[in-house]
Amino acid sequence: MSNNVLAFAESRGGDLRRAALEAVTAARAIADVRGGAVHAILFGAPGIGAHAPRLGAHGADSVIVVEHAAFAQNNPEAVAATIAAHMGRGYGALICPASATGKDIAPRVAAKLQVPVASDAVAMTANAASITVTHPGYTGKILQTLTLTATPAVVSVRPGSFLPKENAKAGAVEVLAPVGDPAASRVKVTETATGNTAKLDLGEAPVIISGGRGLKEAANFTLVEELAAAFGNAAVGATRAVTDDGWRPHADQIGQTGRLVSPDLYIACGISGAIQHLAGMRTSKTIVAINKDKEAPIFKIADYGIVGDVLEILPVLTAAVKQAKASG
Amino acid sequence: MKIAVCIKRVPDMDVRFKIAPSGTAVDESGLKFDISDFDGYAVEAALQIREKLNAGEVVVISLGPDVVQETLRKAMSMGADRAVQLKAETIPADSYAIATALAAELQGGGYDLILFGRMSIDTAHGATGAMTAELLGLPVVNAISKLEFDGGTAKMRRELEGAYELVECALPAVVTIDEGIARPRYPSLKGIMAAKKKPLEIRPAQLAEPRLVLDAMALPPERSAGRIIGEGSAVVPELVRLLKEEAKVL
């Protein structure tokens, strides 16, 4: 068994995703235990290889660059086929980000290699023979310890759990041709619509300001957005009630069937705290809740609760945060 | 259109779980069970396709011990035409092992569309659908929130972090369903009566040897009890002070 580890360096729209650096960081830790090397594999339209030095800076000994015009859009079939074929060169493990893209790729590759996958690892330990992961299940209410006994071990790592660590390695570029014709994939991504690219993603933002029905109408979400803007490092989330009503896009939903987040600070605005919602945010480090009903379940888990009208309190809080930020 | 929907029986999440003495299972006493959330959306999506085309068949498949028959009956009471139980004493943690059993059942079944939920709400790996597709040699589109048909081509939308993809794929295909597609219907009394007479076949699950092994389950550390610091906007300065000095997040 090879001690080398392959990391899937996710990109989108010609840019490297932060999750790519996290996958390389997680791969580095395994390779160091086993005395192996880390190779990062990077797909994209011609020119994507320019990102190789950043992967090297985070611990990739070499960067396998696969460029093709048909990788301008996500192309999961060709990516998975190419990774699976490249794994034949001998790797002990493949690490993918547990992002929407990474969780699409990992099981495809694992099945091609006839091995299992452990998804969404929040912690990971390796010895010479196996990898053991901590995997949150049951909507985050149970932590499962799982051991992969198959080789190679395929793992996806939850964004935010393996923070990118600088660890300069050679990052030597090796060009690889895709397997088959990527333009002939059966699954075709015809368009990727990015919203506001300056907007922080819920999985990456250190602060999340989230709104619920207590905001009374969709237009009042501007108050939530203004508070997020005052923080400067905040993303905006929502409850299922609100996304079901079309006030916010479905992708903003935090909860059991939406995104699971654990930012440093979570501010719940006009959110009562249905179990469905708590499942998605209960692991946040600090929780603030603003709600007019003092019996609301959100107050049972909030570190700091304020009882009152969210429409009245939010502008005052926004002004106070702006002032605090300005005074450093 | 012949549609298969692979569903899983899971406990209701709206509880405080206890770990069983074995340390590798949930204490099931007092728990209620139902179709896993995303699998329920998949069943609803299949029923809506059949209704729109006014033709076709919806077959529900579940792997597990005999209690999964109850889950299959629920899907049939919603409107699925027939069901298959792939009998196994326990459900392994290894999605690949499960996918081998599902692929063996689905192979040669003549399905145009095979649906899964994007992940089970309990073990939450989100891998079984894609792995089954690979084993069947079929294309797969994961975690879609919209699905339409244009002749024999499925047109779908997939949510990403802060973005979405529009994806096309010719049938037959495997598709895994995210939320947003269809809220599952409640079974009608008529549906519940009809489900009792619908065919439910039982076959042994042909599981591969599991190589993802559950060593232990643990409850995450409890949050300390919540604290209300006051009422109204007058408390905002105190909140800002606490965020700065105590929580150190501002």
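Proteins come first, then strands; the chains are lettered A, B, ... in the order of their sequence lines, and each starts at number 1.
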When only pairs under 4.5 Å are counted, which of [options] shares the most heavy-atom pairs with chain B?
| options | result |
| --- | --- |
| A/Val133, A/Leu314, A/Ile287 | A/Ile287 |
| A/Thr286, A/Ile290, A/Thr134, A/Leu202 | A/Thr286 |
| A/Val288, A/Val310, A/Leu146 | A/Leu146 |
| A/Gln73, A/Gln276, A/Lys112, A/Lys103 | A/Lys112 |

Taking all non-hydrogen atoms of both residues, which atom of [X] and which atom of [Y] are closest, and how far apart?
| X | Y | answer |
| --- | --- | --- |
| B/Leu160 | A/Ala251 | O-CB, 4.5 Å |
| A/Ser327 | B/Lys244 | OG-NZ, 4.0 Å |
| B/Val249 | A/Asp264 | CG1-O, 3.9 Å |
| B/Pro139 | A/Arg186 | CD-NH1, 3.4 Å |
| B/Gly180 | A/His250 | N-CE1, 4.1 Å |
| A/Gly137 | B/Ala124 | CA-CB, 4.5 Å |

Go through the atoms of [X] and report whether side chain, backbone, both or neither lie under 4.5 Å from a heavy atom of chain A.
| X | value |
| --- | --- |
| B/Arg223 | side chain |
| B/Asp37 | side chain |
| B/Ala216 | both |
| B/Ile98 | neither |
| B/Val240 | side chain |
| B/Ala99 | neither |
| B/Pro11 | side chain |
| B/Val10 | neither |
| B/Leu239 | side chain |

[X] side, atom [atom1]; [Y] side, atom [atom2] - distance, nearest 0.5 Å:
| X | Y | atom1 | atom2 | result |
| --- | --- | --- | --- | --- |
| A/Ser130 | B/Leu212 | OG | CG | 11.5 Å |
| B/Met13 | A/Leu278 | CE | CG | 15.0 Å |
| A/Lys188 | B/Cys169 | NZ | SG | 9.5 Å |
| A/Lys141 | B/Asp14 | NZ | CG | 6.0 Å |
| B/Ser233 | A/Leu311 | OG | CG | 12.0 Å |
| A/Thr257 | B/Ile121 | OG1 | CD1 | 6.5 Å |

What residue in [options] has the most heavy-atom pairs under 4.5 Å with chain A?
| options | value |
| --- | --- |
| B/Asn142, B/Val141, B/Asp178 | B/Asn142 |
| B/Lys248, B/Glu161, B/Met217, B/Glu134 | B/Glu161 |
| B/Val167, B/Leu166, B/Ile229, B/Val235 | B/Leu166 |
| B/Gly230, B/Ser224, B/Ala130 | B/Gly230 |

Going by heavy atoms in the side chains, are [X] and [Y] under 4.5 Å from each other?
| X | Y | answer |
| --- | --- | --- |
| A/Ile142 | B/Val26 | yes |
| B/Thr100 | A/Gln114 | no |
| B/Arg211 | A/Val115 | yes |

query = Is there any residue in residues 145-159 of chain B with a non-hydrogen atom under 4.5 Å from a non-hydrogen atom of chain A, and which ones are they?
reply =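 Counting heavy atoms that sit under 4.5 Å from chain A, the residues of residues 145-159 of chain B involved are B/Arg158, B/Glu159.
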
ask   = Are B/Glu246 and A/Tyr304 close enough, and set up right, to give a side chain to side chain donor-acceptor pair (under 3.5 Å), and what steps lead you there?
value = CA-CA 11 Å; B/Glu246 195 176 86; A/Tyr304 309 116; 2.6 Å; yes

ask   = Do other residues, nucleotides or ligands put more than 12 heavy atoms under 6.0 Å from B/Glu238 CD?
value =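 Buried by this count: over 12 neighbours within 6.0 Å.
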
inquiry  = Tell me whether A/Lys285 at atom NZ has more than 12 heavy atoms from other residues, nucleotides or ligands lying less than 6.0 Å away.
reply    =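 Yes.
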
message = Please check this pair: side chain of B/His125 against backbone of A/Ala118, looking for a donor-acceptor N/O pair closer than 3.5 Å.
response =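 No, B/His125 side chain to A/Ala118 backbone: no donor-acceptor pair under 3.5 Å.
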
key: No-hydrogen, no-angle side-chain donor-acceptor test under 3.5 Å, B/Glu165 and A/Thr192   =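 No, because no side-chain N or O of B/Glu165 sits under 3.5 Å from a partner of the opposite role on A/Thr192.
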
query = With no hydrogens and no angle check, do the side chains of B/Glu168 and A/Thr190 hold a donor and an acceptor under 3.5 Å apart?
reply =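 B/Glu168 vs A/Thr190: no donor-acceptor pair found between side chains.
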
inquiry  = side chain to side chain contact (heavy atoms under 4.5 Å, CB included), that's the test. Do A/Ile313 and B/Val236 meet it? Break it down for me.
reply    = CA-CA 8 Å; A/Ile313 292 166; B/Val236 165; 3.9 Å; yes

ask   = Less than 4.0 Å between a side-chain N and a carboxylate O, is that true for A/Lys294 and B/Glu231?
value =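 No, no charged N to carboxylate O under 4.0 Å.
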
task = Hey, can you tell me if A/Tyr138 and B/Phe17 have their rings parallel, tilted or perpendicular (30° and 60° cut-offs)?
result =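 It falls in the perpendicular class, over 60°.
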
query = Would A/Leu265 and B/Leu243 count as a side chain to side chain contact (heavy atoms under 4.5 Å, CB included) if you check the C-alpha gap in whole Å, the side-chain angles of each, and the deciding distance to 0.1 Å?
reply = CA-CA 9 Å; A/Leu265 174 61; B/Leu243 291 179; 3.9 Å; yes

